[in-house]
Novice: 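Pasting a structure below so you can have a look.
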Amino acid sequence: MTIAVRTLDDGAWISVNDSREVGVSDVWTLARGPFCGCEPAAVLLEGFTDVGVDGTSIVAGTVGQCLECGQRSTIDRLAVGRVVDGAFEPYGAAGVQSTLEPSSP
Ligand SMILES: [Zn+2]
């Protein structure tokens, strides 16, 4: 089973299996990570720089700005959703996200 992911429209969308699933301009609540000093941080996403599949997770590189302190930064690995039985399930911007996936050795 192959999951095809890519960015569309200069990084405005993440496409999963040729369906636009995750868009920018949402405010994501980030629980931890090196984005800025706010905890949690309310980050307005400005664009996706890349996207990939890590196991069952869809992880994206993205650029955003914290609405609290104004810090503008990048997130290397934002988990935007997962694949269950071949179908994409978005995590959604409302939930608290951790920006760093546990890295496997
Ligand atoms: Zn902040």
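Just so you know, these numbers use all the heavy atoms, side chains as well, and skip hydrogens, waters and symmetry mates. Remember, it's 1-based here, ligands and their atoms both numbered in the order they're listed.
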Novice: Evaluate the side chain to side chain contact (heavy atoms under 4.5 Å, CB included) criterion for residues Thr56 and Ile3: first the C-alpha distance (whole Å), next the side-chain angles of each, then the deciding distance (0.1 Å), finally the verdict.
Specialist: CA-CA 9 Å; Thr56 58; Ile3 306 297; over 6 Å; no
Novice: Which heavy atom of Phe48 sits nearest a heavy atom of Trp13, and at what distance?
Specialist: CD1-C, 4.2 Å
Novice: Indicate the atoms forming the closest heavy-atom contact of Val5 with Val16, along with that distance.
Specialist: CG1-CG2, 4.1 Å
Novice: Mind listing the closest non-hydrogen atom pair of Ile14 and Ala60 along with its distance?
Specialist: CD1-CB, 3.5 Å
Novice: May I ask you to check whether Ser19 and Glu21 show a side-chain donor-acceptor distance below 3.5 Å?
Specialist: yes
Novice: I need the minimum non-hydrogen distance between Val24 and Glu46, along with the two atoms involved.
Specialist: CG1-C, 3.8 Å
Novice: Which of the protein's N, O or S atoms come within less than 2.8 Å of the Zn ion (ligand 1), not counting waters?
Specialist: Cys36 SG, Cys38 SG, Cys66 SG, Cys69 SG
